[in-house]
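Here is the structure we will look at.
We use all heavy atoms of the structure for the numbers below, so side chains are in, but hydrogens, waters and symmetry mates are not.
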Amino acid sequence: MVNTGNTNTVKAAGKKAPRIRPGMPRLFRNERDVLKSSAPKVSGWATGDIELKIGFVIIGVILVLGIISIFYTPYDVYEMNTSVRSQAPSMAHLFGTDNFGRDILSRAMVGARFTLLVSGSTVILATVISIVLGLACGYIGGMFDEIVMRVMDAINSFPSILIALVMVSVLNYGKLTIIPALVIMFIPSFTRIVRTGTLQYKNAEFVLCNKVYGDSDLRILFVHILPNIYPLLLSSVVIGLSNAILAESSMSYLGLGIQPPIPSWGRMLKEAQDIIFSTPWAALAPGLMIVMTIVGLNCIGEGIRKKYLN
């Protein structure tokens, strides 16, 4: 009931709202704002908002450089010009040139495109496969669960770099043959995360209620269980993407990843190794790209963990 005789007092369901004083700021003109104002302030670092902002800014810059390289680079990444070989950073070449006279910034931009393409494709494929396997193992259980998880244990028992080397050798060297080699490395960890979440929720009350209402198993898995798992899975996928970038760079450094003349960050570091004392800036751009990308992804992963899991 509203008391129209006094505009400063409102009664609803027997509850008296706070009296509005003439000098009270507009922010406190309703009860919700008064309660909100009395709540303790939480730091952006505690909620993960600051990490998310920093991470998205860093990754956004790297993505923009990679996308721009599709249409434009300051110089041709494949053209060799001995007249400007081993030049130090300048206004003409912001990160200098290598021992073949190629612009290092242009090659790093193109390297971002291929490195992110390989790493992103790897994580996406591994995530899709892991979601199917993890949901099936956790929901079905029994012998199927035992067989699949023992295979995952067998894969984990081998060093991941050794599996990648074997796969690349079997598939022959090529621009994208490293992707299936890296996918195998990430399937076991992602599968375990999804399986654990499925085991946690498959006997929950809301799942049992939906079974009673006649929902199919696929609907229960993908509509009711998976949305409750995705925050933890998403955080792991983001961290896995940073690990995929490191793995791809390592493989390219060893000469088993993206093959020349296509530039990649790991390959650029390998080429800079022989001239590191005479041309140290040759390793600056690819090294900085790798470090900043890993830092950005780790910030996003930590922000997601704090925001959704705490």
query: How far apart are the C-alpha atoms of Arg102 and Glu79, what are their side-chain angles, what is the distance that settles it, and do they pass the salt bridge (Lys or Arg N to Asp or Glu O under 4.0 Å) test?
result: CA-CA 6 Å; Arg102 298 172 298 188; Glu79 181 181 358; over 6 Å; no
- request: Starting from the C-alpha separation in whole Å, work towards a yes-or-no answer on side chain to side chain contact (heavy atoms under 4.5 Å, CB included) for Trp265 and Thr293.
  value: CA-CA 11 Å; Trp265 293 340; Thr293 305; 3.5 Å; yes
CA sep, side-chain torsions, deciding dist, call: Ser252, Lys270, side chain to side chain contact (heavy atoms under 4.5 Å, CB included): CA-CA 8 Å; Ser252 296; Lys270 174 62 176 177; over 6 Å; no
Pair Arg107-Glu271, salt bridge (Lys or Arg N to Asp or Glu O under 4.0 Å): steps then yes or no: CA-CA 12 Å; Arg107 290 176 60 79; Glu271 295 172 351; 3.5 Å; yes
message: Pair Ile239, Glu302 - check side chain to side chain contact (heavy atoms under 4.5 Å, CB included), show working.
response: CA-CA 9 Å; Ile239 300 301; Glu302 183 67 12; over 6 Å; no
- request: Quick one: do Asp145 and Arg195 satisfy side chain to side chain contact (heavy atoms under 4.5 Å, CB included)? Show the steps, please.
  value: CA-CA 9 Å; Asp145 181 30; Arg195 174 181 177 270; 2.8 Å; yes
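Nearest heavy-atom pair across Arg113 and Ser69 is NH2-O, 2.9 Å. Taking each heavy atom of Ser86 and Thr97 in turn, the nearest pair found is N-OG1, 3.2 Å. Residues Leu297 and Val238 approach most closely at O-CG1, 3.1 Å, considering heavy atoms. The two residues Thr198 and Ile229 make their nearest non-hydrogen contact at N-CD1, 3.6 Å. Shown here for Ile290 and Ser249, the closest heavy-atom pair between the two residues is CD1-OG, 3.7 Å. Looking at every heavy atom in both residues, Phe186 comes nearest to Gly240 through CE2-O, 3.4 Å.
For the atom pair Asn156 CG and Ile187 CD1, the distance stands at 11.0 Å (nearest 0.5 Å). Of the inter-residue distances, the one linking Met109 atom CE with Leu65 atom CG reads 5.5 Å to the nearest 0.5 angstrom. To the nearest 0.5 Å, atoms OG1 (Thr73) and OH (Tyr78) are separated by 9.5 Å. Rounding to the nearest 0.5 angstrom, the gap separating the CG atom in Leu254 from the CE atom in Met251 is 7.0 Å. Within the model, atoms CD1 of Ile54 and CG of Asn298 stand 12.5 Å from one another, a figure rounded to the nearest 0.5 Å. To the nearest 0.5 Å, atoms SG (Cys299) and CD1 (Ile58) are separated by 5.5 Å.
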Residues 216-223, side-chain donor-acceptor partners within the protein, below 3.5 Å, at least two apart:
{"unit_1": "Ser216", "atom_1": "OG", "unit_2": "Arg219", "atom_2": "N", "d": "3.3"}
{"unit_1": "Asp217", "atom_1": "OD1", "unit_2": "Tyr139", "atom_2": "OH", "d": "3.0"}

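For Ser157 (side chain) and Ala154 (main-chain N/O), a donor-acceptor pair under 3.5 Å exists by modelled atom type. Between the side chain of Ser235 and the backbone N or O of Pro231, no donor-acceptor pair lies under 3.5 Å.
Residues meeting the side-chain hydrogen bond (donor to acceptor under 3.5 Å, both in side chains) test with Thr82, sequence neighbours left out: none.
Contact of the Asn81 side chain with the Val84 side chain is registered, since non-hydrogen atoms from C-beta on lie closer than 4.5 Å. Residues Lys202 and Ile225 are in side-chain contact: their nearest non-hydrogen atoms beyond the backbone lie under 4.5 Å apart. Side-chain atoms of Leu133 and Val194, non-hydrogen and from C-beta on, never get closer than 4.5 Å to each other. When side chains are defined from C-beta on, Leu105 does not count as touching His93, because their heavy atoms never get closer than 4.5 Å. Using a 4.5 Å heavy-atom threshold, the side chains of Asn99 and Thr279 count as separate.
Taking hydrophobic clusters as Ile, Leu, Val, Met, Phe, Trp and Tyr residues chained together by side-chain heavy-atom distances below 4.5 Å, Leu94 shares a cluster with Trp281. There is no path of hydrophobic side-chain contacts, each under 4.5 Å, that joins Leu199 to Leu135. Both Leu226 and Val237 belong to a single network of hydrophobic side chains, linked directly or stepwise wherever heavy atoms of I, L, V, M, F, W or Y lie under 4.5 Å apart. Linking ILVMFWY side-chain heavy atoms closer than 4.5 Å, directly or via other members, places Leu284 and Ile275 in two distinct hydrophobic clusters. Met268 and Tyr75 fall into different hydrophobic clusters, where Ile, Leu, Val, Met, Phe, Trp and Tyr are joined by side-chain heavy atoms under 4.5 Å apart, directly or via other members.
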